[in-house]
2 protein chains.
Amino acid sequence: MIHDEDFDARAADAALTASRALMGVVARSVAGVLEIVTLPQFRVLVLLDTSGPLRMGVLGEAIGVLPSTLSRAIDRIVEAGWVRRTTRPASRREVLIELTPAGQNLVTHALEQRRDNIAKILSALSLDQKSAIVSAFELFARAAGETSSEELLILGI
Amino acid sequence: MIHDEDFDARAADAALTASRALMGVVARSVAGVLEIVTLPQFRVLVLLDTSGPLRMGVLGEAIGVLPSTLSRAIDRIVEAGWVRRTTRPASRREVLIELTPAGQNLVTHALEQRRDNIAKILSALSLDQKSAIVSAFELFARAAGETSSEELLILGI
DNA sequence: CACAACAATTGCAAGTATACATTTATGGCG
DNA sequence: CGCCATAAATGTATACTTGCAATTGTTGTG
């Protein structure tokens with residue numbers, strides 16, 4: 001039916017427009033951080049924030065870089081003070097990477113800023129409107145299914 | 001009131017979750033492209049797609065890089081065949097950059113894929129649900145206001 | 001016309017990411 | 001214990017981005 005297709009097209013367009021708005025929020029929260037660390041470096045920090053300390057191998061696997069690449073990337077963010085290398089007592093050939101307090105702050109701050117930005121946008125709306133948005137967003141997120149963290153890492157989220 | 005704050009928090013959380021879902025869609029559409037061009041290069045292509053041919057100076061200003069950086073970046077994507085250099089007839093010291101058909105395809109394809117992904121997610125929903133999502137997304141996008149393209153460029157959108 | 005202003009490019013240099021091959025240190029197992 | 005597998009780091013090389021300074025070509029103006 002023509003009408004259904006029209007409606008579907010409008011729905012996708014609305015979602016695209018909303019996605020632009022949401023991405024603007026994300027971009028704002030990332031922009032500041034990217035003046036401090038590079039995107040690949042931020043990916044590492046975000047991953048450590050959500051997963052806790054990780055082995056070099058696991059970390060490299062997760063963000064999709066070779067061990068040699070990761071090793072030198074870690075060199076740099078250790079030097080900058082965002083993470084710490086720890087040899088695991090149980091197996092001394094394994095190296096654990098963990099966020100320093102400074103690294104933790106960096107990630108937390110970016111995420112908080114994002115949340116605040118969204119809250120500020122919503123604050124202009126009535127309770128009914130907020131309620132409608134909550135339901136719709138929850139519905140969409142469910143329909144989209146689990147978003148794999150690997151995908152999100154591409155954009156450093 | 002406590003209840004309002006609780007509700008506001010839930011609203012922001014729902015928006016954050018939805019943003020993660022939408023960002024996943026974006027990330028998928030960008031991931032493929034990033035195996036072909038770098039993020040800064042893709043930023044140039046997206047900007048040319050939305051603004052049409054641009055002078056070197058304007059282009060560099062828009063994406064926030066020095067002229068020397070841009071000049072060499074353009075060298076590479078000219079070499080790769082995504083854009084073309086044109087000297088403007090009116091003022092022969094100005095150089096216009098424009099997408100080649102190949103470059104146009106690259107950007108268009110990424111955007112279409114993003115739209116298709118969203119459409120596919122929505123296709124699982126009932127008409128009522130879609131309708132609710134459309135209204136809510138449109139509402140949110142309006143509340144968020146215009147998202148400047150400079151911000152979006154950060155993420156390569 | 002000569003000279004200043006402008007647009008873009010080029011010279012030079014450093015930082016980062018990435019890849020492939022090799023090396024060092026450690027753990028597991030016959 | 002000796003050997004092989006594993007984990008990480010290093011050696012070496014290339015490509016991209018970025019920055020500052022200097023240069024080339026063009027436009028506009030006194």
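So that the names make sense, note that chain A is the first sequence line, chain B the second, and so on, each numbered from 1.
Base engagement by B:Pro67 is indicated by at least one non-hydrogen atom pair under 4.0 Å involving a base atom. Looking at heavy-atom distances under 4.0 Å, B:Arg55 makes contact with sugar-phosphate atoms alone, never a base. Within 4.0 Å of B:Ser91, counting heavy atoms only, lie sugar-phosphate atoms of the nucleic acid but no base atom. Residue-level contact check: B:Thr38 touches the backbone only, with heavy atoms under 4.0 Å from sugar-phosphate atoms and none from bases. Using a 4.0 Å heavy-atom criterion, one finds that B:Arg88 contacts no nucleic acid atom at all.
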Evaluate A:Leu111 against A:Val46 for side chain to side chain contact (heavy atoms under 4.5 Å, CB included), listing each step before the verdict. CA-CA 10 Å; A:Leu111 298 182; A:Val46 170; 6.0 Å; no
What's the verdict on side chain to side chain contact (heavy atoms under 4.5 Å, CB included) for A:Ile97 and A:Arg85, showing C-alpha distance, side-chain angles and the deciding distance? CA-CA 5 Å; A:Ile97 310 297; A:Arg85 270 191 175 98; 3.7 Å; yes
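Put simply, the side chain of A:Arg93 and the base of C:dG28 share no donor and acceptor less than 3.5 Å apart.
Contact annotation: B:Ser71 reaches the phosphate of C:dT9 (side-chain N/O to OP1 or OP2, under 4.0 Å).
Comparing B:Arg76 and B:Ser68 against DNA chain D, the residue whose closest nucleotide sits nearer the 5' end is B:Arg76.
Put simply, CD on A:Gln41 is 10 Å from P on C:dT18, counting in whole angstrom units.
Taking a heavy-atom distance under 4.0 Å as the criterion, the stretch of DNA chain D touched by chain A extends 5' to 3' from D:dA5 to D:dT12.
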